[in-house]
Protein chains: 2
Amino acid sequence: MHDRALTSLIALRRILRATESHARLLARETGLSTPQLIVLQIVRHAGEATAKTVASQAGVGQATATALVDKLESRGFVRRQRGDSDRRQIWISLTDTGRAALEAAPDPLHENFTARFEQLPDWEQAMLVAALERIAALLGAAGLDASPVLHVGAIDHPGDHPGDHPGDHPGDHPGDHPGAG
Amino acid sequence: MHDRALTSLIALRRILRATESHARLLARETGLSTPQLIVLQIVRHAGEATAKTVASQAGVGQATATALVDKLESRGFVRRQRGDSDRRQIWISLTDTGRAALEAAPDPLHENFTARFEQLPDWEQAMLVAALERIAALLGAAGLDASPVLHVGAIDHPGDHPGDHPGDHPGDHPGDHPGAG
DNA sequence: CATGATTCTTCGTCTTACGAACTATCTGGC
DNA sequence: GCCAGATAGTTCGTAAGACGAAGAATCATG
């Protein structure tokens, strides 16, 4: 009965251990820790991102996100630019250095993972993405309203959550923030 | 770039963070952090273990292992006994308190995940299991050995899990040590 | 005993991570 | 205009895990 749960747990453990141990190796090679790398990728993916976006997408608190961005900024990988329309917001964008570092840095997980992942048939990629997000939700959202339905339609749009892809926050900032120009 | 791969990575990261977060909550209740729990499990599994064994099985350096054992010792969960034949070695064993704590401590993942997992519709459970195993395979295929922590971690159901039987890594702890003396 | 290897500990440091408090800013009500 | 509340981000204090380097104790060997 909870055979599947157990199987999932074991697989999950293996995944966790694998990612952790691999991340450590990688951090040594690239000088970038996994969270830092993730922040870089989020920023690149979003084009520009606020600290809040970075925090929520990276799955950490704002304070932690600030610390991460601090480090990245001090190394010249990202820059901060205060928003024009809403001056509370700070838009984080990649510098050329950061972009280069990101290009040079391998994936935070196995290169094999990405390589193999990309070779999977489309439906399976979609399945894995959906499953991972589902699991993240299962583990993460304590107060998740028990909507057991995975909207299958959203599978094709992994940018389920706001701010995931660049053009996703058009009303968020009128586009007059500095980085765009 | 690899949109889905990135999404997977982020989701994976969120899973990691969620797990850590749960572990932290649990740590407050039980007073045991995940690494500490792992050390306890390793020690229990081995009966007695040297610091080196603990370090290598937990996948951390000796210094870290010492720190963890320090914490556990200060809480009375383990004891250190200098080896008789080789007095450089320190044999770490569970105290009754530690054994009790280990019995009482729930699996850091088990609680939330299992409960929610089992509320999912059947097809989704199946999907998640398949996805997790797929991902574990993708990650693990690069020669990452399944950490001993894995099956030590599955203490709740030692005989239940398939394909993850102990005895995969024998010979690490001699057994001729003078612990009884 | 001297030398070198080993085992573990200590020390200093780095990184992540959080909550709480704080500043700055925006928004709404008056 | 101005105050109150909400929001965004930072700073501060704290804690844990993790590592490398250096040190102490011990063993094995010559």
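Within every chain, numbering begins at 1; the chains are lettered A, B, ... in the order of the sequence lines, protein sequences first and strands thereafter.
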- Message: Tell me the closest heavy-atom pair linking Val54(B) and Ala65(B), and the distance in Å.
- Response: CG1-CB, 4.4 Å
- For Leu94(A) and Arg44(A), work out which heavy atoms get closest and say how close. CD1-CB, 3.4 Å
- Query: Would a distance-only check, ignoring hydrogens and angles, find a side-chain to backbone donor-acceptor pair under 3.5 Å from Thr95(A) to Gly76(A)?
  - Reply: yes
- Item | Donor-acceptor contact below 3.5 Å, side chain Thr66(B) vs main chain Gln62(B) | yes
- Note on the structure: Of Arg87(A) and Arg75(A), the one whose nearest nucleotide on DNA chain C sits closer to the 5' end is Arg75(A)
Any protein N or O atoms within reach of nucleotides 8-10 of chain D? Criterion: under 3.5 Å, listing atom names and distances.
{"from": "dA8(D)", "atom 1": "OP2", "to": "Lys52(A)", "atom 2": "NZ", "distance (Å)": "2.3"}
{"from": "dG9(D)", "atom 1": "OP1", "to": "Ala51(A)", "atom 2": "N", "distance (Å)": "3.2"}
{"from": "dG9(D)", "atom 1": "OP1", "to": "Ile90(A)", "atom 2": "N", "distance (Å)": "3.3"}
{"from": "dG9(D)", "atom 1": "OP2", "to": "Lys52(A)", "atom 2": "N", "distance (Å)": "2.9"}
{"from": "dG9(D)", "atom 1": "N7", "to": "Gln62(A)", "atom 2": "OE1", "distance (Å)": "2.9"}
{"from": "dT10(D)", "atom 1": "OP1", "to": "Arg80(A)", "atom 2": "NE", "distance (Å)": "2.5"}
{"from": "dT10(D)", "atom 1": "OP1", "to": "Arg80(A)", "atom 2": "NH2", "distance (Å)": "3.1"}
{"from": "dT10(D)", "atom 1": "OP2", "to": "Thr66(A)", "atom 2": "OG1", "distance (Å)": "2.8"}

Between [atom2] of [N] and [atom1] of [X], the distance in whole Å:
X	N	atom1	atom2	result
Leu72(A)	dT16(C)	CG	C1'	13 Å
Gln81(B)	dC8(C)	CD	P	14 Å
Gln36(B)	dA15(D)	CD	P	14 Å
Lys71(A)	dT11(D)	NZ	P	12 Å
Ile92(B)	dT7(C)	CD1	C1'	11 Å

- Message: Assess whether a salt bridge exists between Arg80(A) and Glu73(A), defined as any Lys/Arg side-chain N lying under 4.0 Å from an Asp/Glu carboxylate O.
- Response: yes
- Item | Leu102(A) and Leu32(A), any side-chain heavy atoms less than 4.5 Å apart | no
- Using a cut-off of less than 4.0 Å, is there contact between a side-chain N or O of Thr64(B) and OP1 or OP2 of dC19(D)? yes
